[in-house]
Protein chains: 2
Amino acid sequence: MEKRQNYSQKREAIYRAICSSACHPSAEWLLTTLKRDYPDLSLGTVYRNIARFKEQGAVVAVAVVNGQERIDANVEPHMHFICRGCGAVLDIEGELADDASLAQIEQRYGLKVESQNLLLYGMCAECRK
Amino acid sequence: MEKRQNYSQKREAIYRAICSSACHPSAEWLLTTLKRDYPDLSLGTVYRNIARFKEQGAVVAVAVVNGQERIDANVEPHMHFICRGCGAVLDIEGELADDASLAQIEQRYGLKVESQNLLLYGMCAECRK
DNA sequence: TCCAAAACAATAATAATTATTATTTTTATT
DNA sequence: AATAAAAATAATAATTATTATTGTTTTGGA
């Protein structure tokens with residue numbers, strides 16, 4: 001029997017915030033953003049629910065920027081750009097390693113690839129000015 | 001005039017350890033490994049020198065595994081595999097995004113790409129058993 | 001050898017994250 | 001609707017990686 005999972009307003013709000021923000025939020029960002037609607041939301045709750053979403057595969061950590069983990073509700077493999085100036089994390093459309101290449105790597109190194117993450121680093125349009 | 005840079009046995013030992021280890025070490029690993037030969041080496045010194053190597057471009061941070069930053073003295077762009085089981089970081093030969101693709105991304109998003117890092121996640125040969 | 005700059009160890013301070021505990025919310029059942 | 005067990009939470013404490021500070025030692029030129 002699987003574990004029962006009760007409904008929680010806050011969990012839903014956290015997940016919605018992750019989905020509806022394009023910024024790939026950190027725990028801190030989620031807390032301050034959601035404080036407006038849920039004044040008694042605590043950071044522990046944000047971390048606990050992020051951990052749960054990760055376990056379920058509903059979100060994925062895409063990068064650590066300035067020591068803070070940034071997450072994405074778009075779990076389809078895609079690139080990210082990280083700005084050295086402002087720390088922004090942007091989605092980038094484009095190809096990743098294809099299945100054939102991954103299969104070749106798996107064979108060659110005897111390992112099993114479960115996911116991939118291509119990060120580009122540099123300066124975003126804003127910060128270049 | 002450029003900044004004077006005195007010689008330091010420990011700095012050299014730290015750099016050599018990074019170069020000669022295939023494990024993409026963390027600060028912690030470097031400390032414990034080098035303690036044998038330099039019993040009064042301190043963690044602060046390890047961090048300070050890693051920071052300097054990064055500024056100089058002599059090493060690059062390739063991943064954060066279990067909260068610890070892992071570094072590589074091979075600054076040529078190449079893939080890495082990260083084992084979900086044991087946290088190992090392995091070098092993987094293979095193509096990254098080529099200059100043409102990057103130029104296209106730069107144009108499309110108005111940004112400047114300075115480096116890239118492709119991470120594969122999964123289970124290494126050892127941990128699969 | 002003498003001196004100033006650089007590097008260091010030891011220690012304290014930060015900052016992100018995780019764990020604990022007592023309270024509140026949810027939900028199934030009466 | 002009332003009740004009680006399970007789950008979720010806030011508040012708080014504890015951990016852990018990293019950075020900053022300070023006083024001492026090392027380095028290398030004069």
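A note on names: the letters A, B, ... follow the listed sequences, proteins ahead of strands, and every chain is numbered from 1.
- Taking the six-membered ring wherever Trp is involved, the centroid distance between the rings of A/Phe81 and B/Tyr109 does not fall below 6.0 Å.
- Regarding contacts with the backbone of C/dC8, every side-chain N or O of B/Ser42 stays at 4.0 angstrom or more from both OP1 and OP2.
- Distance CD (A/Gln5) to C1' (D/dA6): 13 Å, rounded to an integer number of Å.
- Across the protein-nucleic acid pair, B/Trp29 atom CH2 and D/dT16 atom C1' stand 21 Å apart, rounded to whole Å.
- Dashed line: the shortest gap from a side-chain N or O of B/Arg52 to OP1 or OP2 of C/dA7 is under 4.0 Å.
- Atoms CZ (A/Arg11) and P (C/dT27) sit 10 Å apart, rounded to a whole Å.
- The shortest heavy-atom contact between A/Leu30 and A/Ile50 is CD1-CD1, 4.0 Å.
- One can place CD1 of B/Ile71 at 15 Å from P of D/dA17, the figure rounded to the nearest angstrom.
- A salt bridge does not link B/Glu106 with A/Arg128: every distance from a Lys NZ or Arg NE/NH1/NH2 to an Asp or Glu carboxylate oxygen is 4.0 Å or more.
- Here the closest heavy-atom approach between residue A/Cys83 and residue A/Cys86 is recorded as SG-N, 3.4 Å.
- With a 4.5 Å cut-off on side-chain heavy atoms, B/Asp91 and B/His80 count as touching.
- Between B/Leu31 atom CG and C/dA9 atom C1' the separation is 12 Å, expressed in whole Å.
- The interatomic distance linking A/Leu43 (CG) with C/dT20 (C1') rounds to 16 Å, in whole Å.
- Residue B/Lys10 places at least one side-chain N or O under 4.0 Å from the OP1 or OP2 atom of C/dA9.
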Dump the intermediate steps for side chain to side chain contact (heavy atoms under 4.5 Å, CB included) on B/Ile71 and B/Ile18, then the final yes or no. CA-CA 8 Å; B/Ile71 60 176; B/Ile18 299 169; 3.5 Å; yes
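- Between A/Ser115 and A/Pro77 there is no side-chain heavy-atom pair separated by less than 4.5 Å.
- Rounded to whole Å, the distance from CG on A/Asp40 to P on C/dT23 is 16 Å.
- Look at B/Lys10 and B/Asp37 and you find no salt bridge, because none of the NZ, NE, NH1 or NH2 atoms lies under 4.0 Å from a carboxylate O.
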Write out a two-atom table: protein N or O, nucleotide N or O from nucleotides 13-16 of chain C, distance below 3.5 Å.
residue: C/dA16; atom: OP1; partner: A/Gln68; partner atom: OE1; Å: 3.2
residue: C/dA16; atom: O3'; partner: A/Gly67; partner atom: O; Å: 3.2

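- The nearest heavy atom of DNA chain D to A/Gly44 and to B/Ala27 marks one nucleotide each, and the one closer to the 5' end goes with A/Gly44.
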Mark up nucleotides 21-30 of chain D, 5' to 3', with B wherever a protein heavy atom is under 4.0 angstrom from a base atom, S wherever such an atom reaches only the sugar-phosphate, and - elsewhere. ------BS--
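- Evaluation of the side-chain hydrogen bond (donor to acceptor under 3.5 Å, both in side chains) rule for A/Asn49 yields A/Arg11 as partners, not counting sequence neighbours.
- Between A/Asn49 atom CG and C/dT25 atom P there is a gap of 16 Å when expressed in whole angstrom units.
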